[in-house]
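I have placed the structure first, in the form of structure tokens, so that the comments after it can refer back to it.
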There are 2 protein chains.
Amino acid sequence: MAGAPHPPIICTVDVVLLTLADGALQVLLARRDREPFNGVLALPGGYIHREDDQSARDAAVRVLADKAGVASPYLEQLETFSGPARDPRGWSLSVAYYALVPLTALPTPHAGVGLKPVDRLPSLPFDHRQIVDAAVQRVRAKSQYSSLPVHLCDERFTLPQLQAVYEAVLGESINKVSFRRKVDSLAMLEAIEGELEHGRANRPAQLYRLRREFRHALSMVDRGLNPRD
Amino acid sequence: MAGAPHPPIICTVDVVLLTLADGALQVLLARRDREPFNGVLALPGGYIHREDDQSARDAAVRVLADKAGVASPYLEQLETFSGPARDPRGWSLSVAYYALVPLTALPTPHAGVGLKPVDRLPSLPFDHRQIVDAAVQRVRAKSQYSSLPVHLCDERFTLPQLQAVYEAVLGESINKVSFRRKVDSLAMLEAIEGELEHGRANRPAQLYRLRREFRHALSMVDRGLNPRD
DNA sequence: CGAATAGTGTCTGTTAGACATTATCGA
DNA sequence: TCGATAATGTCTAACAGACACTATTCG
């Protein structure tokens, strides 16, 4: 039943690394150093290495370290894109991931790597535009009901800073009292006792950090049709 | 830079077909007709065919038609599972999908195909147990705030029937008035004028159907941190 | 008519957003 | 003391859940 031999399916990963810079969501793009699309700005990505990688996720972690110099960010599988036409080399399949990091966790911008606002993307090769759009849509959706955006903050942050991050991601202003009530109900933060953010001409703000159990999990609000509690 | 030749990564799809039978979520399992695990109950799945399939989704549709005799159900990508150990043949990657169908859309049970309650699964080969669990978790989560469970109903259904479906999926009873308010706000249904469900010793119920624009999209409730409207 | 379930009106406690007030800093 | 922003108290409108009531069928 085996027909004529075919070249194998090309198996890759692509990573949408998102950060907040200049008050806007930005995606990390790297200049490609090989064909196809040599020299073109694209998502960091690469082949899955059978010999090195224990999973597609491992490949994504490796790609992020190699091409962006980023270690252990918040990383989640997004979606798998596939088909005969998305890569000029042939039938291909790419497991896409998205990563969230604070701007301070990125190495100083080096040659061939840069950030671009997700709302004003340059032309991208493959179906990378579609992948970025899917990632942004996912992040905005999950930010509406979860603690996801904390991963765009530094390790220590104030509630006004966190609110500004949510507002930048969601693209709309949030009521301060409601926001604080919601954050409180998510039970994801702990105040750092005695630590305040001084330095400006006003009352200093309490510093918080993410509680341990939420460093790689999300806290979600109850919502929708289900009875609460 | 190309090292020693490796056998290619095994690219497959697996489908978690869920339906509601005997008031419980059940998954369709098919007896495998080839190695590995020949003769064992497993998720319907198979290789992605470079020559036939325009995408992994196409492969999932094909597998569902071939192994379960189901055409055009609600089908959504779940997650991609990968690694060197999940398949005894070697490093493999499976794009998992989940499908929701009403029991009436399944062909009469034939040899080697059957339904099993998701809460009392038999031992499954590969990492199929993990895949089923991920699908069930996803379906339960999305059912809390979207119209997803309507795809477990027949084309025409009453509101009490729909509520029973939600309750079976979520595993808890729902307030009738709240449920109807929520369904109304989702704006996903249209009453079938003059069509009532007769036959029992009580007031007949209005029949509804899913509005066209939601046949392959979901309606979601507002929720969480974002300001409404 | 009585049992049974569909569908709706209404009351009440909870919650979200608006606004005001107090707190605490630097200059 | 003043300007600025953090943090919190309070009022009100919207909403969710509970309950009761009406509607409509079969037997």
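Throughout, a chain's letter reflects where its sequence line sits, starting with A, and its residues are numbered from 1.
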> Minimum heavy-atom separation for A:Ala105 to A:Val101, with atom names?
Replying inline: CB-CB, 4.4 Å

> In whole Å, what is the span from the OH atom of A:Tyr208 to the P atom of D:dA7?
Replying inline: 6 Å

> Nearest 0.5 Å, what's the CG-CG distance between A:Leu115 and A:Asp22?
Replying inline: 9.0 Å

> Is the closest side-chain donor-acceptor distance between B:Tyr74 and B:Glu76 under 3.5 Å?
Replying inline: yes

> Base, backbone or nothing for each nucleotide of nucleotides 19-27 of chain C, written B, S, -, heavy atoms under 4.0 angstrom, 5' to 3'?
Replying inline: B---BBBS-

>> Around atom CZ of B:Arg215, are there more than 12 heavy atoms from other residues, nucleotides or ligands closer than 6.0 Å?
In response: no

>> Rounding to an integer number of Å, can you tell me how far A:Glu167 CD sits from C:dG17 C1'?
In response: 14 Å

>> Rounding to an integer number of Å, can you tell me how far A:Phe157 CZ sits from D:dA6 P?
In response: 15 Å

> Which pair of non-hydrogen atoms, one from A:Leu78 and one from A:Ala134, has the smallest distance, and what is that distance?
Replying inline: CD1-O, 3.9 Å

> Can you tell which of C:dG7, D:dA7, D:dT10 lies closest to the side chain of A:Gln206?
Replying inline: D:dA7

>> On the nucleotide C:dT15, are OP1 or OP2 found under 4.0 Å from the side-chain N or O atoms that A:Arg181 carries?
In response: no

>> Whether B:Asp133 and B:Arg129 form a salt bridge (side-chain N of Lys/Arg under 4.0 Å from carboxylate O of Asp/Glu) is what I want to check.
In response: yes

> How many Å lie between CD on B:Glu197 and C1' on C:dG7, as a whole number?
Replying inline: 14 Å

>> In whole Å, I'd like the distance from the CZ atom of A:Arg180 to the P atom of C:dA18.
In response: 16 Å

> Whole-Å distance between C:dG17 C1' and A:Ile174 CD1?
Replying inline: 13 Å

> Whole Å only: how far is the CD atom of B:Glu172 from the P atom of D:dG17?
Replying inline: 11 Å

> Can you check the A:Leu207 CG to D:dT5 C1' distance for me, whole Å?
Replying inline: 15 Å

